[in-house]
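First up is the structure itself, then whatever we jot down about it.
The first residue of the sequence shown is numbered 1, and numbering continues consecutively from there. Computation of the quantities below employed the complete heavy-atom set of this structure, encompassing side-chain atoms and omitting hydrogens, waters and symmetry-equivalent molecules.
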Amino acid sequence: MKIGILGGGQLGRMLIQEALKYDDEFYTLDPASDAPCHNISYFTQGSFNDYETVLNFGKDKDVVTIEIEHVNADALAELENQGIKVVPNSNIIKTIQQKILQKEFYKAHDIPSPEFQVIWNSDEEITMPLPFVQKMNTGGYDGKGVQVIKNELELQDFWTEASVIEKLVDIDKELSVIVARNESGETKIFPVTEMVADPKLNLLDFNICPVFLEENIEEQINVITEKFLNAINSPGLFAIELFLDKEGKVWVNETAPRLHNSGHQSQEGNANSQFEQMYRVVKNLPLADTDAIIYSGMLNLVGAEGYSGKVIYEGMEDVLRLPETYIHLYGKTETKPGRKMGHINVLADSKEELMEKLVMVKEMVRVIAE
């Protein structure tokens, strides 16, 4: 099959790397000439936000998918009209890429998500009590387009563009669950992972799997995943990001309609990875076993503060000497502060050992520049 991917970043790269053991042709579209997929696929440089570019890219493919949600969904809808399969479908992409539609989707399908107010412009009165979170309607990712407004002084920095404001959750844990559904209607759910964020960068720092939760919390997550899979009416792989509050209530933060950073540890820690699963979803094949086979965790490799330019990875040789430790670099030649350059997966026999190893590896490695 000719499989087209909108976006040529690290998620597409790892999908292709996993799928190279099968017999398909992969085509990618990305605005950056040196995108991570440029040398492992049939690569087209161009904007995945441009209607005509996406239409021309997809018209001769058997199936088109995404590795970033900020794409031209109208062009994908037209490709569907022309008989091209789009995974996930254009309707769910359009719903998820707009925070306002996404929140209304949760409300319509009785999926628990923090109380919210829609703000279309600066003239509207804010009725949500402080503190609250403001999320831009479109374009936000990796901590961008999201801010916490805690007091009247911080209200001066309120964005005037269309956005959602939602009640601030008193978070105990940040969790993620990756779900998959193929065109035949088969579904599979990966074990829940816990995400530990870098408070400065607002980026995922560690994630760990499996997470042992009280039975009632597991049941809440099961209900959320069942409602979501019943509501989407589309094949796809989706990462549902969750908040567990300090009273034991689970809330959906947001959903990514694609492969996700919180599933990277599945490359070595699960019977099959999220990338294997995504390939099977795109091809409408039987879905893969998702069981966790051992304790696993992931550490993001991000550009160090104060370094921009040609990347240097300090400490990698020491990491390579460690057992059950796996390096995944993204093929990016230029680093800058906070840029995701790769990740390291770690396996262990217990959660305590896993955390010790993750902290040790984090202290061993720095992403700097020449």
Side-chain angles (χ1 to χ4, degrees), residues 1 3-19 22 24 26 28 37 48 62-71 73 76 85-97 102 105 111 141 175-193 195 204 207 209 221-222 224-242 252-267 269-292 298 328 343:
M1 287 180 71
I3 299 172
I5 305 172
L6 298 186
Q10 62 262 23
L11 297 174
R13 178 185 174 94
M14 288 183 278
L15 170 60
I16 293 169
Q17 286 172 331
E18 182 67 31
Y22 300 110
D24 295 279
F26 286 90
T28 55
C37 286
F48 40 66
D62 295 304
V63 58
V64 175
T65 188
I66 61 171
E67 63 108 57
I68 183 170
E69 57 266 46
H70 307 300
V71 299
L76 291 176
K85 187 163 75 167
V86 176
V87 179
N89 68 36
S90 62
N91 186 56
I92 195 67
I93 292 173
K94 188 174 288 189
T95 297
I96 288 177
Q97 69 185 187
Q102 189 178 153
F105 170 85
I111 295 170
Y141 68 98
L175 307 171
S176 175
V177 60
I178 292 177
V179 303
R181 173 177 165 175
N182 65 15
E183 204 175 353
S184 301
E186 183 187 4
T187 62
K188 286 278 188 177
I189 300 170
F190 278 85
V192 176
T193 62
M195 302 184 289
L204 185 61
N207 73 314
C209 180
I221 296 172
N222 290 339
I224 286 169
T225 57
E226 185 176 355
K227 286 182 176 179
F228 180 85
L229 287 165
N230 287 336
I232 54 172
N233 194 30
S234 172
L237 183 139
F238 303 86
I240 306 172
E241 297 179 55
L242 305 165
V252 175
N253 174 25
E254 56 191 42
T255 302
R258 54 168 172 79
L259 298 156
H260 196 257
N261 199 209
S262 65
H264 288 350
Q265 91 297 325
S266 65
Q267 287 167 304
N270 292 65
N272 289 279
S273 73
Q274 64 167 336
F275 303 101
E276 171 73 23
Q277 196 72 292
M278 183 63 187
Y279 172 78
R280 295 191 187 198
V281 167
V282 167
K283 293 269 291 189
N284 193 30
L285 297 170
L287 296 184
D289 175 13
T290 60
D291 287 351
M298 184 275 299
H328 297 269
H343 68 270

Got V281 and L287 here, is their nearest side-chain heavy-atom distance under 4.5 Å? yes
Look up atom OG1 in T95 and atom CD1 in I232, then write down how far apart they are to the nearest 0.5 Å. 11.0 Å
Check whether E67 reaches the backbone of G9 with its side chain - one donor and one acceptor, N or O, closer than 3.5 Å. yes
Please tell me if the side chains of I240 and L242 come closer than 4.5 Å, counting only heavy atoms from C-beta onward. yes
C37 SG to I16 CD1 distance, which is reported to the nearest 0.5 Å: 4.0 Å
Less than 4.5 Å apart, side chain to side chain, heavy atoms only: is that true for R13 and T28? no
Distance check, rounded to the nearest 0.5 Å: I66 atom CD1 versus I5 atom CD1? 11.0 Å
Approximate separation, where rounding is to 0.5 Å, of Q274 CD and N261 CG: 8.5 Å
Go through it in stages, so that I can follow the logic: the residues are F228 and V252, the test is side-chain contact (heavy atoms from CB on, under 4.5 Å), and I'd like the CA-CA distance, side-chain angles, deciding distance and then a yes or no. CA-CA 10 Å; F228 180 85; V252 175; over 6 Å; no
For N284, all residues meeting side chain to side chain contact (heavy atoms under 4.5 Å, CB included), sequence neighbours excluded: K85, N182, E183, S184
Measure the shortest side-chain to side-chain distance between K94 and L76 over non-hydrogen atoms and say whether it is less than 4.5 angstrom. no
S234 versus R181, closest heavy-atom pair with distance: O-CD, 3.6 Å
Rounded to the nearest 0.5 Å, how far does CD1 of I92 lie from CD of Q97? 11.0 Å
Could you state the interatomic distance from CZ (F275) to CG (L237), rounded to the nearest 0.5 Å? 9.5 Å
Would you say the side-chain atoms of N207 pair up with the backbone N or O of S262, donor to acceptor, closer than 3.5 Å? yes
Closest approach of D24 and M1, non-hydrogen atoms and distance? OD1-N, 3.1 Å
By ring pair (Phe, Tyr, Trp, His ring centres under 6.0 Å) - contacts of F190 (at least two apart): none
List the steps, then state whether side-chain contact (heavy atoms from CB on, under 4.5 Å) holds for T290 with I189. CA-CA 7 Å; T290 60; I189 300 170; 5.8 Å; no
Shortest non-hydrogen separation from I96 to T255 and the atoms involved: CG2-O, 3.1 Å
Check: N272 and Q277 side chains under 4.5 Å, non-hydrogen atoms: no
Quick one: does E276's side chain get under 4.5 Å of Y22's, heavy atoms only? yes
Can you label the angle between the H264 ring and the H343 ring as parallel, tilted or perpendicular, going by 30° and 60°? parallel
Between C209 and T193, the two heavy atoms sitting closest are CB-CG2, 3.6 Å
Closest approach of Y279 to L15 (non-hydrogen atoms, all atoms of both residues): N-CD1, 3.8 Å
Hey, is CD on Q17 packed in by over 12 heavy atoms from elsewhere, all under 6.0 Å? yes
Assess the residue pair H260 and L11 against the criterion (side-chain contact (heavy atoms from CB on, under 4.5 Å)); give the C-alpha distance rounded to whole Å, side-chain angles, the decisive distance to 0.1 Å, and a yes or no. CA-CA 7 Å; H260 196 257; L11 297 174; over 6 Å; no
Would T187 and V179 count as a side-chain contact (heavy atoms from CB on, under 4.5 Å) here? Give the steps. CA-CA 7 Å; T187 62; V179 303; over 6 Å; no
Which pair of heavy atoms, one from V87 and one from M278, lies closest together, and at what distance? O-CE, 4.5 Å
